[in-house]
Amino acid sequence: MQPDKRLGRDFFRQDVLSVAPLLLGKYIVIINNGEPEKFIITEVEAYRGEDDLACHASKGRTNRNRIMYAVGGHVYVYFIYGMYWMLNIVTGEEDNPQAVLIRGINGYNGPGKLTRRLNIDDSFYGEDLVVSGRIWIENNEAEGEIVTGPRIGIDYAGEHWKNKPWRFNLLLK
DNA sequence: AGCAAGATCGGT
DNA sequence: CCGATCTTGCTG
């Protein structure tokens with residue numbers, strides 16, 4: 001019997017600033033054509049609560065962002081620029097809207113490119129990584145250096161939020 | 001009902 | 001820097 005490597009609820013319940021860097025090096029597993037595919041997570045960004053002007057929850061609860069208010073472990077996907085799906089993982093406790101944007105996986109850098117590779121679309125909205133049969137996160141240790149920096153593409157959020165070093169990049173050894 | 005902007009990407 | 005392409009949330 002193999003140990004269950006899937007991450008459970010307690011992992012995703014933590015604050016987004018804890019979960020985001022912890023996701024680096026772990027596997028995202030997705031079932032495509034019946035076969036599981038594994039990719040190492042290499043780049044993420046944290047979006048933290050209604051106060052964070054870069055976070056979709058800064059507008060309060062809307063039909064698009066409502067899943068961010070669920071307990072950690074749910075999937076938040078949204079469509080942007082008329083052609084790209086963004087993949088996010090909700091974190092924290094219920095009614096504390098936070099999420100980690102997955103910006104890179106091994107071999108595919110860029111949030112729009114990786115969702116195309118994984119076949120992520122709106123059918124994944126609200127999926128629960130703790131129990132889902134087609135997408136989950138597995139524990140893994142990867143060797144590499146972690147670099148932090150400001151989040152990308154959020155000029156609209158103002159200097160204060162734009163400057164926060166909430167992007168985490170794993171440079172694989 | 002109409003509109004401006006967007007957590008992007010690839011080509012000039 | 002610019003266009004593609006369409007959903008979203010805000011304004012009226």
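Source: prediction; values computed, not measured. Just the heavy atoms: all of them, side chains too, but no hydrogens, waters or symmetry mates, feed the values below. Every chain is numbered from 1, with letters handed out A, B, ... down the list of sequences.
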A/Asn109/A/Glu43 under side chain to side chain donor-acceptor pair (under 3.5 Å): CA gap, chis, key distance, verdict: CA-CA 8 Å; A/Asn109 295 321; A/Glu43 187 176 11; over 6 Å; no

Sugar-phosphate only, base, or nothing, as touched by A/Leu101 at under 4.0 Å among non-hydrogen atoms: base

d(CD1, A/Ile152; P, B/dC9) in whole Å: 10 Å

Any A/Lys162 side-chain nitrogen or oxygen under 4.0 Å from OP1 or OP2 of B/dA7: no

Atom-to-atom span, CE of A/Met68 to C1' of B/dA7 - whole angstrom: 10 Å

A/Arg134 charged N/C atom sitting above A/Phe124 aromatic ring, 6.0 Å / 45°: yes

Positional range of nucleotides in DNA chain C within the contact set of chain A, heavy-atom, under 4.0 Å: C/dA4 to C/dC10

Geometric class of the A/Tyr76/A/His56 ring pair [parallel <30°, tilted 30-60°, perpendicular >60°]: perpendicular

Separation between the C1' atoms of B/dA5 and C/dC2, rounded to whole Å: 16 Å

Face-on cation placement of A/Lys113 at A/Tyr108 ring, 6.0 Å and 45° thresholds: no

A/Glu50/A/Lys59 salt bridge by N-O under 4.0 Å criterion: no

Phosphate-side-chain proximity, A/Arg103 and B/dT8, N/O vs OP1/OP2 below 4.0 Å: yes

Could you list all N or O pairs between the protein and nucleotides 1-6 of chain B that sit under 3.5 Å apart?
| unit_1 | atom_1 | unit_2 | atom_2 | d |
| --- | --- | --- | --- | --- |
| B/dG6 | N2 | A/Tyr81 | N | 3.4 |

Axial cation check for A/Tyr47 ring with A/Arg151, 6.0 Å and 45° limits: yes

A/Phe12 and A/Leu129, any side-chain heavy atoms less than 4.5 Å apart: yes

pair A/Arg9-A/Phe11: side-chain heavy atoms closer than 4.5 Å: no

Any side-chain heavy-atom pair of A/Pro150 and A/Asn163 under 4.5 Å: no

Sugar-phosphate only, base, or nothing, as touched by A/Met83 at under 4.0 Å among non-hydrogen atoms: base

Side chain to side chain, A/Ile137 and A/Ile41, heavy atoms closer than 4.5 Å: yes

Euclidean distance for P, C/dG3 against B/dA4 (whole angstrom): 16 Å

Sugar-phosphate, base or nothing in reach of A/Arg64, heavy atoms under 4.0 Å: sugar-phosphate

Residue pair A/Asn140 / A/Lys38, side-chain heavy-atom distance below 4.5 Å: no

Paired stretches of DNA chain B - 3 or more consecutive Watson-Crick or G-U pairs, each distance under 3.5 Å: B:1-6 with C:6-11, B:8-11 with C:1-4

Rounded distance in Å - CG (A/Leu53) to P (B/dA7): 12 Å

